[in-house]
Each structure stands twice: as structure tokens, then as C-alpha cells.
Amino acid sequence: MTPQRFEKIQQVLDRRQPDLTVITDQVHKGQNLSAILRTCDAVGIHRVHAVYDTGYFRPHTGTAMGSQKWVKTEVHRKITVPIEQLQRQGFQVFAAHCDEGGAMDYRDVDYTRPTALVLGAEKRGVSGPALDKVDGCVVVPMMGMSESYNVSVACAIILAEAQRQRAIAGLYRECRLPDEQYRQLLFEWCQPVIARFCRARDLAYPELDDTGHLVNPQQFSALANRS
């Protein structure tokens with residue numbers, strides 16, 4: 001762990017947006033999933049929700065460029081579960097969907113509010129059960145013959161607007177993660193091998209010093225040997 005690496009990790013965590021997220025609704029293509037994760041990391045999202053009736057999630061590591069290590073993915077079997085969960089937490093939930101009856105231009109949404117974006121499957125789009133639950137639909141205007149953007153491209157366009165609004169509002173200027181969650185992520189990002197060891201043995205994470213290393217490595221080594 002170099003000082004530069006430790007400083008970079010802290011800077012990224014300081015800009016994470018706990019009240020901005022994405023829900024993928026049966027998006028199965030690994031390259032699309034990975035591109036979505038990469039965009040989420042780029043705009044400061046630290047947790048996404050992926051919905052599959054099989055409960056299986058597998059991004060394409062080449063396209064993700066390692067972003068799957070920095071963005072947590074919570075997998076659900078039913079689309080209504082994350083939507084209702086987030087709505088109870090005060091999120092507005094919008095589906096990227098060409099609803100001729102009333103979809104909003106994606107730029108007209110106030111993304112400084114807690115917001116979740118639902119992205120549909122490659123061919124079928126957002127599912128009916130999801131559309132029944134969301135607070136509204138957003139659309140990216142199309143000027144050509146194509147009816148829609150690729151799902152990962154639409155995600156990038158919409159989240160770029162969310163990032164723009166949040167930057168203007170100053171939401172990236174101070175850390176917004178709860179202290180406990182910040183410390184947990186800081187340890188997992190600085191010491192991923194030790195973090196996996198601790199989770200496997202149900203051990204509390206040891207304390208880090210101000211360089212990202214263990215304060216007392218000998219004490220932890222002794223504890224690990226006894227576990």
C-alpha cells in the first residue's frame with residue numbers, strides 16, 4: 001500500500017453517493033453489466049442491485065476494468081424487492097423506458113434527491129412488474145432511426161446528468177458515507193486479503209493506521225493463528 005494508493009482510496013470513498021443507485025432488471029449480457037458497473041463507479045455509486053430469477057450474476061471482467069471490486073452488487077430474484085426496499089428508504093425510482101404515455105426527458109429529473117434508476121433487459125426492456133412499481137419513466141431523446149440506446153450506453157448518459165447535477169449541488173465535496181460503512185470499505189479496499197480472511201472466520205477487522213496498514217500486525221497474526 002503506497003501513500004499515493006491510500007490517498008486515492010480515501011478520495012474515492014469521500015465522493016461516494018450512498019443515495020444514488022442502479023437496478024438492473026434481468027440484464028444478462030456480461031459486457032453490458034460490466035459497462036454499467038464501470039459507469040456506476042465513475043459517478044460515485046458504491047452499490048447496485050441486480051435482479052435475476054436465477055439469482056446468478058456474472059459481469060465481464062475485461063469490460064468492467066476491475067470496477068466490480070469497487071462497486072458492491074446486491075442480487076435479488078424479484079424486481080419488486082429492491083424497488084420497494086428503496087422506496088421505503090425515501091428513494092425516487094425511475095425506469096429508463098420509452099413510455100409513450102408520459103416518460104420524462106431524463107434531464108428533467110432532480111437527481112440530487114435519493115434516486116434509483118431501473119434498466120431493463122437487452123431485448124425486452126423494463127419488465128411489467130417493475131413498471132407497475134416505479135415512480136415514473138425517463139427517456140433519452142433519439143434523433144435517428146434507432147428506437148433506443150444500448151442499455152449500458154443509456155445508463156452512462158443518464159448517470160452523467162445525475163453526476164452533473166450533484167456536482168453543482170456540492171454533493172461530492174464532503175464524505176456522505178456513514179462512518180462505520182466508510183471504515184469498513186476503507187479496510188476492504190486497503191487490505192482485501194485480510195478482509196476476506198476475517199469474513200471467512202467471523203473476525204472483526206483490525207485497526208488501520210493513517211497509511212492504510214495494520215496498526216498492530218503481530219497482534220492480528222497471533223489472533224489469526226488461534227482462529
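With a 4.5 Å cut-off on side-chain heavy atoms, Ile23 and Leu117 do not count as touching. Considering only heavy atoms from C-beta on, Pro18 stays 4.5 Å or farther from Pro114 through its side chain. In this structure, the side chains of Pro206 and Asn216 stay at 4.5 Å or more apart for every pair of heavy atoms. The side-chain heavy atoms of Val43 and Gln17, taken from C-beta on, include no pair separated by under 4.5 Å. The shortest distance between side-chain heavy atoms of Tyr106 and Val139 does not fall below 4.5 Å. A heavy-atom distance below 4.5 Å is found between the side chains of Gln87 and Asp135. With contacts defined as side-chain heavy-atom distances shorter than 4.5 Å, the pair Asp209/Leu214 does not qualify. With a 4.5 Å cut-off on side-chain heavy atoms, Val22 and Leu119 count as touching.
For the residue pair Ile79 and Pro129, the shortest heavy atom distance occurs at CG2-CB, 3.9 Å. The shortest heavy-atom contact between His28 and Leu33 is O-CD1, 4.1 Å. When all heavy atoms are compared, the tightest approach of Gly212 to Phe6 is CA-CE1, 3.4 Å. Between Thr39 and Ala156, the shortest heavy-atom contact is CG2-CA, 3.7 Å. When all heavy atoms are compared, the tightest approach of Val93 to Val134 is O-CB, 3.5 Å. Residues Cys175 and Tyr182 approach most closely at SG-CD1, 3.5 Å, considering heavy atoms.
The side-chain contact (heavy atoms from CB on, under 4.5 Å) test with Val109 is passed by exactly one of Glu161, Gln165, Gln92: Gln92.
Of the possible donor and acceptor atoms, one in the side chain of Thr21 sits under 3.5 Å from a partner among the backbone N and O of Arg47. Between the side chain of Thr24 and the main chain of Val27, no donor-acceptor pair closer than 3.5 Å is present. Judged by distance alone, with hydrogens and angles left aside, the side-chain atoms of Ser34 form a donor-acceptor pair with the main-chain N or O of Gly30 at under 3.5 Å.
Residue Gln181 qualifies as enclosed at atom CD: its count of foreign heavy atoms under 6.0 Å is above 12. Few gaps surround CG on Asp108; more than 12 heavy atoms of other groups in view lie less than 6.0 Å from it.
The pair Glu84-Lys78 fails the salt-bridge criterion, with no side-chain N (NZ, NE, NH1 or NH2) lying under 4.0 Å from an Asp/Glu carboxylate O. Between Asp19 and Arg166, at least one side-chain N (NZ, or NE/NH1/NH2) sits under 4.0 Å from a carboxylate O, which counts as a salt bridge. Taking a cutoff of 4.0 Å between a charged side-chain nitrogen and a carboxylate oxygen, Arg199 and Glu188 qualify as a salt bridge.
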Exercise. Yes or no on side chain to side chain contact (heavy atoms under 4.5 Å, CB included) for Val138 and Ile158, after CA distance, side-chain angles and deciding distance?
Worked result: CA-CA 9 Å; Val138 295; Ile158 296 170; 4.2 Å; yes
For this session: Please report the C-alpha distance between Ile194 and Phe220 in whole Å, then the side-chain angles of each, then the deciding distance to 0.1 Å, and finally whether the side chain to side chain contact (heavy atoms under 4.5 Å, CB included) criterion is met.
Result: CA-CA 10 Å; Ile194 296 176; Phe220 177 75; 3.6 Å; yes
Exercise. Should Val51 and Arg77 be marked as a side chain to side chain contact (heavy atoms under 4.5 Å, CB included) after you check the CA-CA gap, both sets of side-chain angles, and the distance that decides it?
Worked result: CA-CA 5 Å; Val51 178; Arg77 289 182 179 271; over 6 Å; no
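Between the side chains of His213 and Gln191, no donor-acceptor pair is found at a separation under 3.5 Å.
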